[in-house]
Undergrad: 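Sharing a structure with you now.
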Amino acid sequence: MSSAAALIVVLLCARETTGATLNNISSCYNFTGNEALTALILRSSLSFVSLMLGIPIVVLWIIQMCSSRKPIKDTDRLIIYISIATTLYASTQALQWLHLYASDTYCSVLGAIIEYVSLSMLVLTACVDFHLSLLILQTRCLKVVPKGTSTYRRQEIAYLLLTALLPLLFIPWPFIFDSYGESGAWCWIKSADVQCKPILKGVILSTVLYYAWAAVLLPYAVIITSVVVAILCCRKAQRPHSSVYALLGYLAIFASTTIMGGVGGVLLWWDSGTYGYLLVQTLSEPTFTVLSNMLVCFYMSWLWYHSRPVYQYYGLAPES
């Protein structure tokens, strides 16, 4: 947190010395350009915190995968992919403030990268939903016991291919319509011009390439999370591996922060841009990455506490 505070101070000082503002959007809303810039700085700073959490998590996961003699469970591998995806997403959001001092080309390229990583996050979240649905169907409905870690190997390859390749089909569309660039206080798909008039092609592209995906995935995540939690609350339900709880926590974080950002965006549009609504929408995405990486960090700590022989030797963890 001290690194985030230091980053905020540096960015605020840079604003004062360079005169960077976002006055071009202040005429469209009920907040000033300086307030919009402050929201942008908070967004980048929180994303930087998530990045600092995510990098060591990903490195430790890789070390664990390379050094472990036992096969990594399928649900644990999903958690690894979540860590990588959220860390990549946090890195793009942490660079948002640079567009204040860079060219329009930088903002367009960053917008395309953000679109790719955002869609990849949504596809990966859908894969997590599907995987938990598969576990429910096999273990609760069909009463099938998975046979080892190779059972879901084919599904895992499909998850990775979909996460990495499917977004590539949609990234060129905004380039074709010249729609990547400044979107309010940050870089993404342009949906309004400098006179605050909506850009129809930008509104359509942002809806088709992100908001529609999130609107479909959100109720799916809520339903899967609710069903799995209800099953786990049953007395006869067998206790699953701890990684399932971590995946449920991830889906809960995704659902709550998506609702947070959606409500903030709708109220921001409905109420002509109140600053409080801007903050809600602005902080929803970095909050998602921070909480996701904190969840994975907690899960890794719990996992290593209960598995490493040194803890068992000193009697700090139960024998497996």
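Here the structure is a predicted model, which is why all the values come from computation and not from measurement.
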Undergrad: State whether a side-chain donor-acceptor pair under 3.5 Å links E156 with Y81.
TA: yes
Undergrad: Counting distance only, does the side-chain N/O of S50 pair as donor-acceptor with the main-chain N or O of T289 below 3.5 Å?
TA: yes
Undergrad: Report the distance from atom OG of S243 to atom CH2 of W302, rounding to the nearest 0.5 Å.
TA: 9.0 Å
Undergrad: Can you list everything that forms a disulfide (SG to SG under 2.5 Å) with C107? Sequence neighbours excluded, please.
TA: C187
Undergrad: Measure the shortest side-chain to side-chain distance between L95 and Y106 over non-hydrogen atoms and say whether it is less than 4.5 angstrom.
TA: yes
Undergrad: Between L278 and T282, which heavy-atom pair has the shortest distance, and what is it?
TA: O-OG1, 2.6 Å
Undergrad: Could you state the interatomic distance from OG (S256) to CG (L251), rounded to the nearest 0.5 Å?
TA: 10.5 Å
Undergrad: So, do L122 and Y210 sit near enough that their side-chain heavy atoms are less than 4.5 Å apart?
TA: yes
Undergrad: Do you know the tightest heavy-atom contact between L124 and A85?
TA: CD2-CB, 3.7 Å
Undergrad: For residues 165-178, run the donor-acceptor check on the side chains, cut-off 3.5 Å, and write out each pair with its distance to 0.1 Å, sequence neighbours left out.
TA:
unit_1, atom_1, unit_2, atom_2, d
W173, NE1, L169, O, 3.4

Undergrad: For T258 and A255, indicate whether the former's side chain and the latter's backbone hold a donor-acceptor pair under 3.5 Å.
TA: no
Undergrad: More than 12 non-hydrogen atoms from neighbouring residues, nucleotides or ligands closer than 6.0 Å to CE on M260, yes or no?
TA: yes
Undergrad: Examine Y245 and I80 and state if one hydrophobic cluster contains both, with Ile, Leu, Val, Met, Phe, Trp and Tyr joined whenever side-chain heavy atoms are less than 4.5 Å apart.
TA: yes
Undergrad: Do any pairs count as a ring-ring contact (aromatic ring centres under 6.0 Å, His included) and have a residue in residues 109-136, sequence neighbours left out, and if so which ones?
TA: H131-Y152, H131-Y159
Undergrad: When clusters are formed by joining ILVMFWY residues with side-chain heavy atoms under 4.5 Å apart, either directly or through shared neighbours, do F298 and L53 land in the same one?
TA: no
Undergrad: Would you check if V128 and I82 make a side-chain contact, meaning some heavy-atom pair closer than 4.5 Å?
TA: yes
Undergrad: Closest approach of Q96 and S44, non-hydrogen atoms and distance?
TA: CB-OG, 3.9 Å
Undergrad: State whether the side chain of S183 and the backbone N or O of I189 hold a donor-acceptor pair below 3.5 Å, judged by distance alone.
TA: yes
Undergrad: How close do A126 and Y220 get, heavy atom to heavy atom, and via which atoms?
TA: O-CE2, 4.4 Å
Undergrad: Show every donor-acceptor pair shorter than 3.5 Å between a side-chain atom in residues 221-233 and any protein atom, with sequence neighbours excluded, or say none if there are none.
TA:
unit_1, atom_1, unit_2, atom_2, d
T225, OG1, A221, O, 2.7
S226, OG, V222, O, 2.7

Undergrad: Side-chain heavy atoms nearer than 4.5 Å, only ILVMFWY residues, links allowed to pass through others: does that put L291 and L218 together?
TA: yes
Undergrad: With clusters defined by side-chain heavy atoms of hydrophobic residues (ILVMFWY) lying less than 4.5 Å apart, directly or transitively, does V216 cluster with I204?
TA: no
Undergrad: Ignoring hydrogens and geometry, is there a side-chain-to-backbone donor-acceptor pair from S120 to T163 under 3.5 Å?
TA: yes
Undergrad: Taking all non-hydrogen atoms of both residues into account, name the closest pair between S179 and L205 and its distance.
TA: OG-CD1, 3.4 Å
Undergrad: For the residue pair V290 and L46, what are the closest heavy atoms and their distance?
TA: CG2-O, 3.4 Å
Undergrad: So does S83 get a backbone contact from the side chain of W61, meaning a donor-acceptor N/O pair under 3.5 Å?
TA: no
Undergrad: Where do E115 and Y180 land on the side chain to side chain donor-acceptor pair (under 3.5 Å) test, with the steps shown first?
TA: CA-CA 9 Å; E115 175 64 20; Y180 284 126; 5.5 Å; no
Undergrad: Is I113 reachable from L119 through a run of hydrophobic residues whose side-chain heavy atoms are each under 4.5 Å from the next?
TA: yes
Undergrad: Suppose we screen for side-chain hydrogen bond (donor to acceptor under 3.5 Å, both in side chains). Which residues come up paired with Y250, at least two apart in sequence or across chains?
TA: T125
Undergrad: Would you check, one step at a time, whether the test side chain to side chain contact (heavy atoms under 4.5 Å, CB included) holds for T87 with I57?
TA: CA-CA 9 Å; T87 301; I57 289 175; 6.0 Å; no
Undergrad: For a 4.5 angstrom cut-off between non-hydrogen side-chain atoms, does E285 reach T257?
TA: no
Undergrad: Do L51 and I55 make a side-chain contact, defined as non-hydrogen atoms from C-beta onward lying under 4.5 Å apart?
TA: yes
Undergrad: Please tell me if the side chains of L217 and F254 come closer than 4.5 Å, counting only heavy atoms from C-beta onward.
TA: yes
Undergrad: Have Q93 and R43 got a donor and an acceptor in their side chains that come within less than 3.5 Å?
TA: yes
Undergrad: Determine whether Y275 and T38 make a side-chain contact, defined as any pair of heavy atoms from C-beta on separated by less than 4.5 Å.
TA: yes
Undergrad: My understanding is that only residues two or more places apart in sequence, or in another chain, count here; which of them pass side-chain hydrogen bond (donor to acceptor under 3.5 Å, both in side chains) with S242?
TA: none
Undergrad: Just verifying a value: how many Å separate L132 CG and C127 SG, rounded to the nearest 0.5 Å?
TA: 11.5 Å
Undergrad: Under 3.5 Å, is there a donor-acceptor pair between the side chain of T92 and the main chain of Y89?
TA: yes
Undergrad: Does the S91 side chain pair with the main chain of L88, one donor and one acceptor, at a distance under 3.5 Å?
TA: yes
Undergrad: Evaluate the side-chain proximity of D76 to I79: yes if any heavy-atom separation is below 4.5 Å, no if none is.
TA: yes
Undergrad: What is the distance from atom CG of L247 to atom CG of L295, rounded to the nearest 0.5 Å?
TA: 9.0 Å
